Amino acid sequence: MTIGIVIVAAGRGERAGSPEEGPKQYRRIGGEAVIRHTLRQFLTWQRSGPIVVVIHPDDGALFADAVLDLPGANALITTSGGETRQQSVFAGLRALSKTSATHVMIHDAARPFVDHALLERIAEAFDAGEDALLPAMAVTDTLKRAGVDGVVHETVPRAALYAAQTPQSFSLSAIRAAHEKAAALRRDDFTDDASIAEWAGLTVRLIEGSPDNVKLTIKRDLAMADEKLSAAPQLPDVRTGNGYDVHQLVPGDGVTLCGVFIPHDQKLSGHSDADVALHALTDALLATCGAGDIGDHFPPSDMQWKGAASRIFLAHAADIVRQHGGIITNADISLVAEVPRIAPHREAMRRNLSEVLGISLDRCSVKATTNEKIGFIGRKEGIAAIATATVVYGVLKP
Ligand code: CTP
Ligand code: MG
């Protein structure tokens, strides 16, 4: 199953005060275009397949500006929309049909507060075999029917009434066929895709929507969205990774720990220089950006790493972190070794970390403890290291 996404963004936003201020999907809330918020939600969702954005032929420059430097934006597929939302969706479905997508979520660009929890609920329903899903909220206000004269005629029971949201989600072939049938019969008065699906005879099932997933429709909606985002605290995206490693002690002439050679009547056995401390820290760094572990990057089966200085591994992990936009703020290693004594070498070890990672000395820590003569470490059969890395990856977006 591949879940494609169609984002419709070709409307003119007349109720929100266009054309004076431009289409609402390109207006800024919390300092960024509405559509940038919307796209980020889908671009950062793990199960998103191909994403088609349906834009107005006049909006090419606005769109390019709105997605400038947005991670993943270069993979977006754009296509031109039509006069009505229905036509725009149909254009998006045609474009999506050229990809590997088997299912589709059709979403309004003007709903920037869609969240991953809702997308997950839909994906789980797809996994369970559903093929037409409508996120909706039970209506909570009491409903009245009134005439144009403003006189109330009746109170409408709200028990079975729901307010529809997007992304309305379908098997791609089924919703495309429904749109084709509607176009062929010149039925162009549908305001959402679930109504086309219902009309075409599909069984549309409700799924719990999200109270935050509102459509920005009038000017006031945009002002309120801006207030909400501006009030949200800008949390730093701090991530912590841990790493653990053990190497065996065998007869030899010394051990290398944190890049420092310490003469001793044993050595650590291993494929590289067996620097157990740097191996643990390498794993800790990789863990802050989901980049696997040291074995993925430097397989023991690869002869080029035989006897290699482990600082190469650490420097490589630090590069990967930086490529992901990370700033290393702390590196901490605890060595568990009965022998040799680490204390005289701690400062040299910290200096090595500082140099390889390119961070100040006060952000590098090396500690050591014995294992109180207990177990394999206590019997001087091996040395273990535990490491923690702290990395800041910019600011968490609400
Ligand atoms: N939409 C579209 N093509 C159209 C009309 C609407 O792609 N011809 C999109 C809008 O850009 C929006 C979504 O459909 O993301 C929901 O439509 P709506 O809220 O009605 O937006 P607008 O049509 O732009 O606003 P208005 O009706 O106030 O003009
Ligand atoms: Mg409209």
Side-chain angles (χ1 to χ4, degrees), residues 4-29 32-43 51-67 70 73 76-97 104-115 118-119 134-137 163-170 175-176 178-179 182-183 186-197 209-210 212-226:
I5 316 289
V6 169
I7 310 278
V8 279
R12 298 294 79 196
E14 271 155 28
R15 286 169 289 175
S18 202
E20 307 83 53
E21 297 172 67
K24 62 190 180 185
Q25 57 273 35
Y26 300 110
R27 283 197 233 155
R28 286 172 182 265
I29 55 171
E32 293 181 330
V34 168
I35 193 171
R36 188 178 177 96
H37 292 278
T38 311
L39 286 170
R40 183 185 290 114
Q41 289 307 102
F42 286 93
L43 286 167
I51 303 180
V52 172
V53 191
V54 185
I55 63 175
H56 192 278
D58 294 346
D59 293 348
L62 283 172
F63 178 74
D65 189 45
V67 301
L70 178 67
L76 297 172
I77 302 162
T78 55
T79 191
S80 284
E83 295 264 299
T84 62
R85 184 185 183 283
Q86 185 182 334
Q87 287 171 12
S88 294
V89 171
F90 193 23
L93 294 175
R94 285 195 302 267
L96 192 66
S97 297
V104 59
M105 293 184 167
I106 304 169
H107 189 67
D108 294 331
R111 291 183 192 267
F113 299 119
V114 58
D115 56 60
L118 172 57
L119 304 185
L134 172 67
M137 299 295 296
Q165 301 187 339
T166 71
Q168 298 180 3
S169 305
F170 308 91
I175 192 66
R176 189 178 161 168
H179 268 268
R186 298 197 193 289
R187 285 290 309 267
D188 55 5
D189 49 343
F190 294 105
T191 56
D192 75 348
D193 304 290
S195 51
I196 299 177
S210 154
D212 294 328
N213 185 24
V214 292
K215 182 159 70 72
L216 308 185
T217 305
I218 59 174
K219 248 185 191 172
R220 172 116 191 86
D221 298 335
L222 286 150
M224 278 175 61
D226 186 43

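Just so you know, ligand 1 is whichever comes first in the structure, and atom 1 is the first atom listed for that ligand. All values reported here derive from a predicted model rather than from experimental measurement.
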Students should be able to answer this: which protein heavy-atom is nearest to [atom], and at what distance?
atom: atom 25 (O) of ligand 1; result: Gly13 CA, 3.3 Å
atom: atom 20 (O) of ligand 1; result: Arg15 NH2, 2.9 Å
atom: atom 7 (O) of ligand 1; result: Ala10 N, 2.8 Å
atom: atom 9 (C) of ligand 1; result: Val8 O, 3.7 Å
atom: atom 29 (O) of ligand 1; result: Glu14 N, 2.7 Å
atom: atom 3 (N) of ligand 1; result: Ser88 OG, 2.7 Å
atom: atom 16 (C) of ligand 1; result: Asp108 OD1, 3.5 Å
atom: atom 17 (O) of ligand 1; result: Arg85 CD, 4.4 Å

Using a strict cut-off of less than 4.0 Å between a Lys/Arg side-chain nitrogen and an Asp/Glu carboxylate oxygen, indicate whether [X] and [Y] qualify as a salt bridge.
X: Asp59; Y: Arg12; answer: yes
X: Arg27; Y: Asp226; answer: no
X: Arg85; Y: Asp108; answer: yes

Practice task
Take every heavy atom of His56, measure it against each atom of ligand 1, and state whether any distance is under 4.0 Å.
Solution key: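 No.
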Handout entry: Any Gly81 heavy atom less than 4.0 Å from ligand 1
Key = no
Practice task
Could you grab the distance from atom CD of Glu32 to atom NE2 of His37, nearest 0.5 Å is fine?
Solution key: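 These two atoms lie 4.5 Å from each other.
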Problem - Spacing of Gln168 atom CD and Asp192 atom CG [to the nearest 0.5 Å] - result: 4.0 Å
Atoms of ligand 1 close to [X] [distance to a heavy atom under 4.0 angstrom, numbered from 1]:
X: Glu83; answer: 8 (N)
X: Ala110; answer: 15 (O)
X: Gln25; answer: 11 (O)
X: Ala109; answer: 15 (O)

Problem - Within reach of ligand 1, part of Thr84 (heavy-atom separation under 4.0 Å) - result: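 The answer is the backbone.
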Handout entry: Lys24, portion touching ligand 1 at heavy-atom distance under 4.0 Å
Key =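 The part of Lys24 near ligand 1 is the side chain, not the backbone.
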Handout entry: Check: Asp188/Gln86 side-chain N/O donor and acceptor closer than 3.5 Å
Key = no
Backbone N or O of [Y] within a donor-acceptor pair of the [X] side chain at under 3.5 Å?
X: Gln25; Y: Arg36; result: no
X: Lys24; Y: Leu216; result: yes
X: Asp65; Y: Ala61; result: no

Fill in the blank from the handout: Only one of Ile35, Thr79, Val67 passes side chain to side chain contact (heavy atoms under 4.5 Å, CB included) with Val53, and that residue is Ile35
Return yes or no for this condition: an N or O of [X] is under 3.5 Å from an N or O of ligand 1.
X: Leu216; value: no
X: Lys215; value: yes
X: Gly11; value: yes
X: Val54; value: no

Exercise for the section: Determine, for Phe90 and Arg94, whether the Lys NZ or Arg CZ falls below 6.0 Å from the six-membered ring centre while staying within 45 degrees of the axis. Expected result: yes
Handout entry: Closest heavy-atom pair and its distance - Ile175, Ala197
Key =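 Heavy-atom minimum between the residues: CD1-CB, 4.1 Å.
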